[in-house]
Protein chains: 2
Amino acid sequence: MTQDGRLIRGERTRSAVLEQALVLATVSGLDGLSLSQVADALGVSKSGLFAHWRSKEALQLAVIDQARAQWRDRVIRPALEVPAGVRRLWAVHDRRIAFYEARVLPGGCFFANAHFEFNARPGVIRDRLAGELTDWMTFLTGLAGEAAGLGELRPGVDPAGLAYHVESLGVCAVMQAPVVGAAPTYAQARRQLLEHLRAVTIDPTILEQK
Amino acid sequence: MTQDGRLIRGERTRSAVLEQALVLATVSGLDGLSLSQVADALGVSKSGLFAHWRSKEALQLAVIDQARAQWRDRVIRPALEVPAGVRRLWAVHDRRIAFYEARVLPGGCFFANAHFEFNARPGVIRDRLAGELTDWMTFLTGLAGEAAGLGELRPGVDPAGLAYHVESLGVCAVMQAPVVGAAPTYAQARRQLLEHLRAVTIDPTILEQK
DNA sequence: CTACAATCCGACCGACCGTTCGTAAATATA
DNA sequence: TATATTTACGAACGGTCGGTCGGATTGTAG
């Protein structure tokens with residue numbers, strides 16, 4: 001520790017940087033993220049960052065991991081406490097919305113931001129983000145498949161389609177919520193639609209039996 | 001015209017710049033857009049751009065207008081040729097997907113990219129983008145309301161919710177399509193879901209009567 | 001205490017950014 | 001044709017960027 005006590009060495013610095021970088025990345029973008037910005041926000045020198053990551057890109061990849069870890073702890077893990085089946089699938093959706101509405105990250109959804117940012121820019125980062133999305137959809141589809149296996153879906157409801165549906169609602173909610181004027185209207189429409197679709201996809205008589 | 005014949009003066013330069021800037025903005029982002037990049041792509045000097053727009057921000061705002069004009073001509077106008085009602089609402093969705101799949105803009109959807117880019121960055125541009133989204137949702141909600149007025153929706157289907165739903169499908173399709181590995185899977189899931197939801201929201205017996 | 005590796009800093013680099021300026025060419029006006 | 005205005009250019013400016021380097025500071029092992 002330095003004389004003024006502000007700085008923390010080693011591993012703790014590393015995690016503090018990642019935490020701060022994730023926050024800033026949701027605002028400025030993952031690529032628009034400035035190393036000086038990160039360093040200044042922590043009272044650390046910019047050149048010191050290169051002792052932990054050999055380039056900006058390496059830090060960016062680490063930030064993606066950080067975002068995934070946060071997502072796991074704050075969204076997925078709590079949702080998995082809900083019993084398997086369609087309840088768990090919708091719990092994931094609910095947790096996702098709650099996480100966003102809690103404004104944990106000031107710039108909204110890191111993954112959505114980063115994905116749109118690197119849409120058309122081939123490279124390691126884009127591939128990693130694509131992998132994240134694939135993993136996420138595999139996870140959602142798995143949950144929907146579980147629900148189908150338990151016979152909790154109305155006949156004719158396709159599990160993959162349902163998973164895609166949950167994802168589309170989530171993405172759209174994340175996109176529109178920051179729009180100040182539009183937020184209340186769309187939040188209302190979203191809830192109405194959500195109720196409707198839950199009724200459409202879930203067989204309530206089956207759920208009541210349990 | 002200059003001696004080497006490359007350059008075009010006045011209004012034609014202006015529109016050429018906007019066209020090129022829109023293309024580049026979908027790739028590099030609206031803020032990541034570089035004036036040197038635009039100028040070089042057209043064989044024009046960077047400083048010459050300031051004869052048409054007094055700052056980068058002014059050009060960015062003009063690019064938003066350009067994007068809106070393109071969207072109007074390529075998506076909205078053709079869809080409005082379809083008879084009013086639920087058919088027209090879904091025609092808008094279909095045209096939107098078709099426009100995206102035609103890869104007119106290499107970086108995907110300009111508005112989605114720009115919206116996520118400026119999510120958390122207050123200012124004139126963010127406000128303009130928010131206004132665009134509000135206008136768009138008003139437009140969609142109006143179409144859904146028309147369909148409801150014509151009695152084409154199944155009982156219990158909320159028009160605002162339906163409009164939100166069409167939007168969420170569009171946003172999610174635009175987001176996932178560029179992900180190479182995932183695209184076919186999600187395109188398939190999207191079509192299945194789309195068919196299902198059309199069946200859910202539209203009363204086919206009513207449509208058949210016309 | 002000594003030695004060594006990890007960590008951190010300030011100074012500095014070249015590249016690129018948006019912007020300005022003086023000037024020249026093209027166009028509009030008379 | 002003569003004049004005024006718009007449009008375009010090259011050069012240069014201050015500023016920020018990611019990244020490098022030598023040296024100082026720290027924690028740890030011997």
Side-chain angles (χ1 to χ4, degrees), chain A residues 1-22 24-25 27-64 114 117-118 121 123-126, chain B residues 1-22 24-25 27-64 114 117-118 121 123-126:
Chain A
M1 195 172 298
T2 54
Q3 295 164 347
D4 58 5
R6 280 186 312 159
L7 305 184
I8 309 158
R9 289 205 158 241
E11 194 55 32
R12 294 185 60 184
T13 302
R14 185 184 168 88
S15 65
V17 167
L18 287 178
E19 220 168 296
Q20 185 67 47
L22 175 57
L24 292 176
V27 177
S28 312
L30 184 56
D31 205 55
L33 181 68
S34 150
L35 297 186
S36 323
Q37 216 174 96
V38 177
D40 290 350
L42 291 170
V44 162
S45 74
K46 183 178 58 169
S47 55
L49 300 179
F50 288 85
H52 296 275
W53 304 273
R54 67 173 132 80
S55 66
K56 181 183 181 179
E57 191 181 69
L59 174 59
Q60 289 171 318
L61 290 171
V63 168
I64 295 177
E117 190 179 0
F118 285 86
R121 301 163 61 181
V124 191
I125 295 181
R126 195 201 104 128
Chain B
M1 195 172 296
T2 55
Q3 295 164 346
D4 57 5
R6 279 187 313 159
L7 304 185
I8 309 162
R9 289 206 156 241
E11 193 54 33
R12 294 185 60 185
T13 302
R14 186 184 168 88
S15 64
V17 167
L18 286 178
E19 221 168 294
Q20 184 67 47
L22 174 57
L24 292 176
V27 177
S28 312
L30 184 57
D31 205 55
L33 181 68
S34 151
L35 297 186
S36 322
Q37 216 174 93
V38 177
D40 289 351
L42 292 170
V44 161
S45 76
K46 185 176 53 169
S47 55
L49 300 179
F50 287 85
H52 296 273
W53 302 274
R54 68 173 130 79
S55 67
K56 180 183 181 180
E57 190 181 78
L59 174 59
Q60 290 172 317
L61 291 172
V63 168
I64 296 177
E117 189 179 1
F118 285 86
R121 300 162 63 181
V124 190
I125 294 181
R126 194 201 104 127

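Note that the structure is predicted; figures quoted are calculated from it, not measured.
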To the nearest Å, give me how far apart CG (B:L49) and P (D:dT6) are.
18 Å
What's the CG-P distance between B:D40 and D:dG10, to the nearest Å?
11 Å
Salt bridge (charged side-chain N to carboxylate O under 4.0 Å, His left out): pairs with one or both residues in residues 36-53 of chain B, sequence neighbours excluded:
none
Would you indicate which nucleotide in D:dT7, C:dC8, D:dG10 comes nearest to any side-chain atom of B:H52?
D:dT7
Tell me: CD of B:Q37 to P of C:dC17, nearest whole Å?
7 Å
Tell me, please, which residues at least two apart from A:Q20 pass side-chain hydrogen bond (donor to acceptor under 3.5 Å, both in side chains).
none
Please answer whether the main-chain N or O of A:A25 pairs with a side-chain N or O of A:S28 as donor and acceptor at a distance below 3.5 Å.
no
Please give, in whole Å, the distance from D:dT7 P to B:W53 CH2?
11 Å
Using atom CZ of A:R14 as one end and atom C1' of C:dA6 as the other, report the distance to the nearest whole Å.
14 Å
Encode nucleotides 18-23 of chain C as B, S and - characters from 5' to 3', where the letter depends on protein heavy atoms closer than 4.0 Å: B to the base, S only to sugar-phosphate, - to neither.
BBBB--
Those residues that, when tested against B:S34, pass side-chain contact (heavy atoms from CB on, under 4.5 Å) (two or more places apart):
B:S36, B:Q37
Which residues pass the side-chain contact (heavy atoms from CB on, under 4.5 Å) test with B:S55, sequence neighbours left out?
B:E57, B:A58
Which value, rounded to the nearest 0.5 Å, describes the distance between B:W53 atom CH2 and B:L35 atom CG?
10.0 Å
